[in-house]
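The structure under discussion appears below in the form of structure tokens.
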Amino acid sequence: MAGIKDVAAEAGLSVATVSRVLNGHPSVSEDARRRVTEAVERLGYRPNAVARSLRTDQTRTLGLVISDVMNPYFTELARSVEEEARALGYSVIIGNADERPDLQDHHVTTLLDRRIDGLLVSPTDGGSPGMLGAARAGTPMVFVDRWIPGVDVPVVRSDGRAAVRDLVAHLHALGHRRLAIIAGPAATTTGRERVDAFREALAAHGLELPDAYIGQGDFQAGSGRRVTEGFLDLPEPPEVVFAADNLMALGALDAVRARGLRVPDDIGLAAFDDIPWFVHTDPPVTAIAQPVRDLGRAAVRALVDRIEGQPGASVTLPARLVVRRSCGEREPGIRNPPSPVRRSTP
């Protein structure tokens, strides 16, 4: 395997000059840069990333801790993060917290031990000790999708309140009045926010959200099925169930079909977090779509800003309602097109 001395000999330059070229030093001439580049290509030389990290105190590596790798939303988010990081010259190491605070802390500690340059986290709860410790220690960090109030870290997320209002207005226009929600964990910001938005949207139409129409889920399919079974057992079941994430919506669909019922003939179904599968279900599911790819790209850019010593800005992108046929609609369509990004400092 070729070393830096071999590159220097091939290029006819000193080892010091080759080192300056490889480390991007501005004082190197274009001729020297060209000769080193050509020598590297001819010899197939690969710089020692570990040694370089010791010299520069950077590994060009980002950590990403996501809440649940099985959730298509987070899978797409991770893909977008990896693509944007690669475009900026960074690699990404991913840890799956599986909605468990202890696993979240395990991944945070492991990633920090590997000397990552910065950390992207979608918190599983109100703040596990390891993650909070890393944030307070000054680790370059950005929260994505979920956040922890009171922690001075930029947040990149979508705002679903307007889309939830559009959904409730849409359901009201279809004649539905008994609307229920499968809520996410109350310990997460997204879990609380979506219930609050749903309740506020109902109130705008003079509708209430009885306790019996609020089912506590955990962003997993099993909880969606369990909660929907409870709704179906009520003396007066809801006309539409709104699942606060895609996996719980799939669980709800399973529960309805297990009873020999049909969506939307017997009960309507809507979901937060649109996924490609929803267009292939029968009927296709009306859902609130988040701009996942844009969120991933914005999160990486905000984190790189932090790594480079800049404050980094929080970014909020709008979600939108995608109308299909799971709530009794006749014509599919899209409501609430994206509006300009709102930015704020953390």
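Computed from heavy atoms alone, side chains included, the values below leave out hydrogens, waters and symmetry copies. For this chain, numbers begin at 1 and follow the sequence in order. None of the values given here were measured: they were computed from a predicted structure.
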Practice prompt. Go through the side-chain N and O atoms of Ser67 and Arg146 and say whether any donor and acceptor fall under 3.5 Å apart.
Written response: yes
Worksheet item: Between Asp117 and Tyr90, is any pair of side-chain heavy atoms under 4.5 Å apart?
Response: yes
Practice prompt. Answer yes or no: is there an ion pair linking Glu208 with Arg199, defined by an N-O contact shorter than 4.0 Å?
Written response: no
Fill in: Derivation of the side-chain contact (heavy atoms from CB on, under 4.5 Å) call for Leu209 and Ile181
CA-CA 9 Å; Leu209 182 61; Ile181 184 171; 4.2 Å; yes
Practice prompt. Evaluate side-chain contact (heavy atoms from CB on, under 4.5 Å) for Val151 paired with Leu132, printing each intermediate quantity in order.
Written response: CA-CA 8 Å; Val151 178; Leu132 290 175; 3.7 Å; yes
Worksheet item: Do Glu308 and Val304 come close enough that some side-chain heavy atom pair is under 4.5 Å?
Response: yes
Worksheet item: Within a strict 4.5 Å, meaning less than it, do heavy atoms of the Met141 and Phe143 side chains meet?
Response: yes
Discussion item. I need the minimum non-hydrogen distance between Cys327 and Glu329, along with the two atoms involved.
Written reply: N-OE1, 2.8 Å
Worksheet entry | Taking every non-hydrogen atom, the tightest pair across Ser122 and Phe74 | OG-CE2, 3.4 Å
Fill in: Note, Arg325 side chain near Pro264 side chain (heavy atom, < 4.5 Å)
no
Practice prompt. Determine whether Arg86 and Ser91 make a side-chain contact, defined as any pair of heavy atoms from C-beta on separated by less than 4.5 Å.
Written response: no
Item to complete: Please determine, by modelled atom types, if Asp68 and Gln220 share a side-chain donor-acceptor pair under 3.5 angstrom.
Response: yes
Fill in: Leu269 reachable from Met248 in the ILVMFWY side-chain graph, under 4.5 Å edges
yes
Worksheet entry | Worked check of salt bridge (Lys or Arg N to Asp or Glu O under 4.0 Å) between Arg34 and Glu30 | CA-CA 6 Å; Arg34 177 186 56 78; Glu30 285 303 315; over 6 Å; no
Discussion item. Please determine whether the number of non-hydrogen atoms from other residues, nucleotides or ligands lying under 6.0 Å from atom CZ of Arg114 exceeds 12.
Written reply: no
Item to complete: Check whether Ile214 and Ile267 end up in the same hydrophobic cluster, where Ile, Leu, Val, Met, Phe, Trp and Tyr are linked by side-chain heavy atoms less than 4.5 Å apart.
Response: yes
Practice prompt. Give the C-alpha distance, both sets of side-chain angles, the deciding distance and a yes or no for side-chain contact (heavy atoms from CB on, under 4.5 Å) between Asp245 and Asn71.
Written response: CA-CA 9 Å; Asp245 92 322; Asn71 187 320; 3.2 Å; yes
Worksheet item: When rounded to the nearest 0.5 angstrom, what distance separates CD in Gln104 from CE in Met131?
Response: 4.5 Å
Discussion item. Under 4.5 Å between side-chain heavy atoms, counting indirect links through other Ile/Leu/Val/Met/Phe/Trp/Tyr residues: same cluster for Val65 and Val153 or not?
Written reply: yes
Worksheet entry | Derivation of the side-chain contact (heavy atoms from CB on, under 4.5 Å) call for Arg257 and Leu261 | CA-CA 5 Å; Arg257 289 175 173 172; Leu261 304 176; over 6 Å; no
Worksheet item: Does a salt bridge link Arg79 with Glu84, judged by any charged N lying under 4.0 Å from a carboxylate O?
Response: no
Worksheet item: Hey, are Asp31 and Arg35 close enough for a salt bridge, meaning a charged N less than 4.0 Å from a carboxylate O?
Response: yes
Worksheet entry | Ionic contact status for Asp98 with Arg100, cut-off 4.0 Å | no
Worksheet item: Is any side-chain heavy atom of Asp145 closer than 4.5 Å to a side-chain heavy atom of Gln290?
Response: yes
Worksheet item: Any side-chain heavy-atom pair from Ser158 and Pro291 closer than 4.5 angstrom?
Response: yes
Fill in: Backbone of Arg225 reached by a side-chain donor or acceptor of Thr228 within 3.5 Å
no
Could you tabulate the donor-acceptor pairs under 3.5 Å formed by side-chain atoms of residues 274-281, not counting sequence neighbours?
residue : atom : partner : partner atom : Å
Asp274  : OD1  : Arg324  : NH1          : 2.9
Asp274  : OD1  : Arg324  : NH2          : 3.4
Asp274  : OD2  : Arg324  : NH2          : 2.8
Thr281  : OG1  : Phe278  : O            : 3.1
Thr281  : OG1  : Pro283  : O            : 2.8

Worksheet entry | Residues Glu10, Arg42: salt bridge by 4.0 Å N-O rule | yes
Item to complete: Ignoring hydrogens and angles, tell me if any N or O in the side chain of Asn96 forms a donor-acceptor pair with the backbone of Val69 under 3.5 Å.
Response: yes
Worksheet entry | Carboxylate-amine/guanidinium proximity below 4.0 Å for Arg293 and Glu83 | yes
Discussion item. Quiz question: by atom type and distance under 3.5 Å, do the side chains of Asp159 and Thr316 form a donor-acceptor pair?
Written reply: no
Worksheet item: Is there a chain of hydrophobic side chains (I, L, V, M, F, W, Y, each step under 4.5 Å between heavy atoms) that links Val315 to Val292?
Response: yes
Response to the item:
Closest heavy-atom pair, Pro185 versus Thr188, reported as atoms and distance to 0.1 Å, is O-OG1, 2.8 Å
Response to the item:
Rounding to 0.5 Å, atoms CD1 (Ile182) and CZ (Arg194) come to a distance of 13.0 Å
Worksheet item: If Ile, Leu, Val, Met, Phe, Trp and Tyr residues are connected whenever their side-chain heavy atoms lie under 4.5 Å apart, and connections chain through other members, are Leu64 and Leu103 in the same group?
Response: no
Item to complete: Write out all pairs satisfying ring-ring contact (aromatic ring centres under 6.0 Å, His included) with one or both partners inside residues 179-201, taking only residues at least two apart or from two chains.
Response: Phe198-Phe242
Worksheet item: Are Leu62 and Val300 close enough that some pair of their side-chain heavy atoms sits under 4.5 Å apart?
Response: yes
